[in-house]
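Quick note on labels: first sequence line is chain A, next is B, and so on, each numbered from 1.
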2 protein chains.
Amino acid sequence: MSNLAARKRPTIHDVAAAAGVSRGTVSRVLNGKSNVSLSAETAVRRAVAETGYVVNRAARSLVTSRTGSIVMVLSEPQERLFEDPNFSVLMRVATNQLAERDMSLVLMIAGDDRGRDRVARYLRGGHADGALLVSTHAGDPLLDEIERSGIPAVACGAVLGRESVIPYAAADDRGGARAMTEYLVSLGRRKIGMITGPLDTPGGALRLEGFTGVLGRKAAKQLVVHGDYTQAAGEAAMRRLLAAVPDIDAVFVASDLMAAGALQALHEAGRRVPEDVAVGGFDDSVIASATRPALTTVRHPLARVAEETVRLLIELLDEHEVEPVVLPTELVVRDSA
Amino acid sequence: MSNLAARKRPTIHDVAAAAGVSRGTVSRVLNGKSNVSLSAETAVRRAVAETGYVVNRAARSLVTSRTGSIVMVLSEPQERLFEDPNFSVLMRVATNQLAERDMSLVLMIAGDDRGRDRVARYLRGGHADGALLVSTHAGDPLLDEIERSGIPAVACGAVLGRESVIPYAAADDRGGARAMTEYLVSLGRRKIGMITGPLDTPGGALRLEGFTGVLGRKAAKQLVVHGDYTQAAGEAAMRRLLAAVPDIDAVFVASDLMAAGALQALHEAGRRVPEDVAVGGFDDSVIASATRPALTTVRHPLARVAEETVRLLIELLDEHEVEPVVLPTELVVRDSA
DNA sequence: TTGAAAGCGCTAACAC
DNA sequence: GTGTTAGCGCTTTCAA
């Protein structure tokens with residue numbers, strides 16, 4: 001064996017030679033075409049195993065003009081991405097499901113203009129067969145690029161204002177918020193405040209809708225303050241709430257991380273939780289059981305949402321029609337309310 | 001304009017025609033080759049802008065046999081990946097840095113045998129120019145595949161037992177653990193326990209080394225228990241510690257998440273923190289400031305580690321020699337110790 | 001059912 | 001400095 005060092009990656013040609021058939025036949029076997037004789041097929045499969053052949057994706061792409069990869073676009077500003085443990089779930093689910101189809105996941109971050117530009121160019125260049133959008137906002141110029149390029153795209157969580165254009169899978173934010181608010185009411189709480197997320201995100205807007213839907217005009221303006229999903233924002237918002245409504249006896253916080261901040265502010269203000277003020281969170285993230293008291297919260301079925309999102313995209317790639325999917329949430333009662 | 005609908009993606013040929021030069025010249029401009037006249041260059045650049053040309057990566061790959069993408073391989077078992085907010089940081093840094101070089105990041109999860117197999121085939125197929133390993137274990141068969149394929153690879157955090165084979169960037173785990181232990185000692189604590197991470201991970205092994213390095217034979221066997229970085233493990237470990245050494249007055253926990261669990265167990269056992277038992281964490285993750293009391297911990301410079309890891313990989317792609325990089329940690333004193 | 005052959009869009013070696 | 005051209009490895013007609 002003198003060619004040990006000089007061994008090159010085998011091509012379809014080598015496989016054809018080893019199997020005693022033409023390159024065309026090898027290709028047909030590899031791509032599961034039906035018109036191949038059994039004997040040819042077995043010969044090819046053996047040759048593939050023997051030679052250790054792996055298809056050259058570039059060559060295949062060149063002729064099929066499909067890339068075998070999809071982009072996951074994160075539009076989150078970097079700090080938030082940084083603080084949110086949930087992304088990992090989506091990524092895991094997406095890579096796993098795509099791998100089933102021998103497709104790969106390319107990650108791009110479109111947090112600023114340069115990032116968006118890169119993604120746009122990537123899409124325009126046809127470097128991906130589809131796009132999986134995460135936390136994309138309605139005004140994002142990327143959306144125009146996507147429509148223009150006609151590339152199949154789905155969103156994980158609705159894209160506000162584009163719900164009818166970009167298919168999505170999401171949790172029932174409104175229903176979850178409603179359930180939590182009703183629970184706080186059932187506890188006998190009278191002055192219930194809310195710390196919302198950014199209102200230009202579906203979670204921000206819909207969780208607030210669920211809240212006001214239950215309380216109606218009792219959801220006084222001063223009982224609602226806004227945060228940006230960070231812990232610091234939750235802490236600041238809670239302070240404002242305490243200052244504006246000193247006799248507040250419950251607060252629904254639109255994310256667990258912000259709720260952790262609120263807990264901190266309440267503690268510093270000398271309020272007991274849940275005795276003086278009941279606190280409800282949202283997400284049921286890792287943080288929910290790390291705080292003290294542990295958070296009563298709304299479980300966001302993130303893994304399922306992720307799975308459904310990817311399923312939608314795959315349907316779309318196969319040119320099937322798809323409908324948005326909304327998954328139920330669940331109230332998780334712990335110690336804070 | 002009758003061809004609006006039928007518009008195809010422009011090729012290098014279209015650009016050449018528009019610029020009035022040959023395809024070769026266009027290619028030279030695109031790839032920054034020096035031997036091009038200024039006039040030709042400007043003509044080409046204008047033609048590129050006019051036609052909206054974007055290079056076809058598949059075609060380029062086919063001839064250069066470089067793919068323009070690198071794989072990030074996550075070898076973490078899925079649950080842990082799920083609980084660790086830190087991955088997002090690494091991903092953000094990696095995508096950003098690679099984008100600078102017009103390269104993209106493909107994500108693969110090698111949590112089980114099937115996953116490992118997929119990664120191996122991906123590598124063997126030459127689908128990536130390099131690999132970025134995350135939490136890979138020494139025994140991982142992937143490492144053989146990497147050595148065999150000769151693909152440039154680096155690790156984020158050392159690969160235990162392969163430190164000399166796979167370049168890496170990492171935090172100074174041993175030093176950080178030492179600093180925390182010394183700090184606990186300086187507080188006058190006498191019975192200091194430790195909850196370690198898995199000893200087959202560098203963080204697990206080195207943080208323990210730092211601990212025993214300071215305490216010497218005072219690090220009695222019963223004062224050291226092992227966890228797997230989950231919150232539940234931290235809680236269970238703390239209980240065992242309390243049962244074995246009831247008069248324990250401090251504990252160094254190898255991760256903030258486990259420390260949150262330990263806090264829980266201490267609270268349930270009626271011990272005050274830090275008065276009765278001082279608790280030190282590691283990582284300074286989001287959780288550290290969400291617990292109560294807020295965790296005194298060791299800051300792991302994750303973003304910098306990520307940056308250095310990617311830098312090493314890029315150096316390797318450029319065929320430069322590289323050395324492992326170890327970055328300093330920092331003691332962050334909050335309320336738990 | 002199969003083989004032969006025409007490209008897919010690009011880079012790089014070669015000639016001028 | 002620039003044009004011409006030979007492939008890179010694959011899929012997919014078209015004939016047989």
Which whole-number value in Å describes the distance from Asn31(B) CG to dT11(C) C1'?
7 Å

Mind calculating the distance between CZ (Arg28(A)) and C1' (dT1(C)) to the nearest angstrom?
8 Å

Pairwise 5' ranking along DNA chain C for Ser22(A) and Tyr53(B), keeping only the more 5' one
Ser22(A)

Is the number of heavy atoms from other residues, nucleotides or ligands under 6.0 Å of Arg121(A) CZ greater than 12?
no

Under 3.5 Å donor-acceptor, Arg9(B) side chain and Arg124(A) backbone:
yes

Is it the case that the side chain of Asn31(B) and the backbone of Lys33(B) share a donor-acceptor pair, with hydrogens and angles ignored and the cut-off at 3.5 Å?
no

Decide side chain to side chain donor-acceptor pair (under 3.5 Å) for Thr51(A) and Asp14(A); before the verdict, give the C-alpha distance in whole Å, the side-chain angles of both, and the deciding distance to 0.1 Å.
CA-CA 8 Å; Thr51(A) 55; Asp14(A) 302 318; over 6 Å; no

Quick check on dT2(C): is either OP1 or OP2 less than 4.0 Å from any side-chain nitrogen or oxygen of Ser37(A)?
yes

When you list every nucleotide of DNA chain D with an atom under 4.0 Å from a heavy atom of chain B, which one comes first 5' to 3', and which comes last?
dG1(D) to dG9(D)

Look at Ser27(B) and dT11(C) and indicate whether a side-chain polar atom (N or O) is within less than 4.0 Å of OP1 or OP2.
yes

Taking CG from Asn35(B) and P from dT11(C), how many angstroms apart are they, rounded to a whole number?
14 Å

Give a yes or no answer on whether the side chain of Arg60(B) reaches the backbone of Val55(B) with a donor-acceptor pair at less than 3.5 Å.
no

Rounded to the nearest angstrom, tell me the gap between atom CG in Leu30(B) and atom C1' in dG9(C).
12 Å

Between P of dT11(C) and CG of Leu62(A), the distance in whole Å:
12 Å

At 4.0 Å (heavy atoms only), tell me whether Ala58(B) reaches a base, stays on the sugar-phosphate, or touches nothing.
nothing

Would you compute the distance between atom OH of Tyr53(A) and atom CG of Leu30(A) and round it to the nearest 0.5 angstrom?
5.5 Å

Atom CZ of Arg23(A) to atom P of dA6(C): distance rounded to whole Å?
11 Å

May I ask you to evaluate whether Asn56(B) reaches the phosphate of dC8(C), defined as a side-chain N or O under 4.0 Å from OP1 or OP2?
no

Specify the residue among Gly24(B) and Val63(B) whose closest nucleotide of DNA chain D lies further upstream toward the 5′ end.
Gly24(B)

Please confirm whether the backbone N or O of Leu38(A) pairs with a side-chain atom of Thr42(A), one donor and one acceptor, at under 3.5 Å?
yes

May I have the distance from Arg66(B) (atom CZ) to dG9(C) (atom P), rounded to whole angstrom?
24 Å

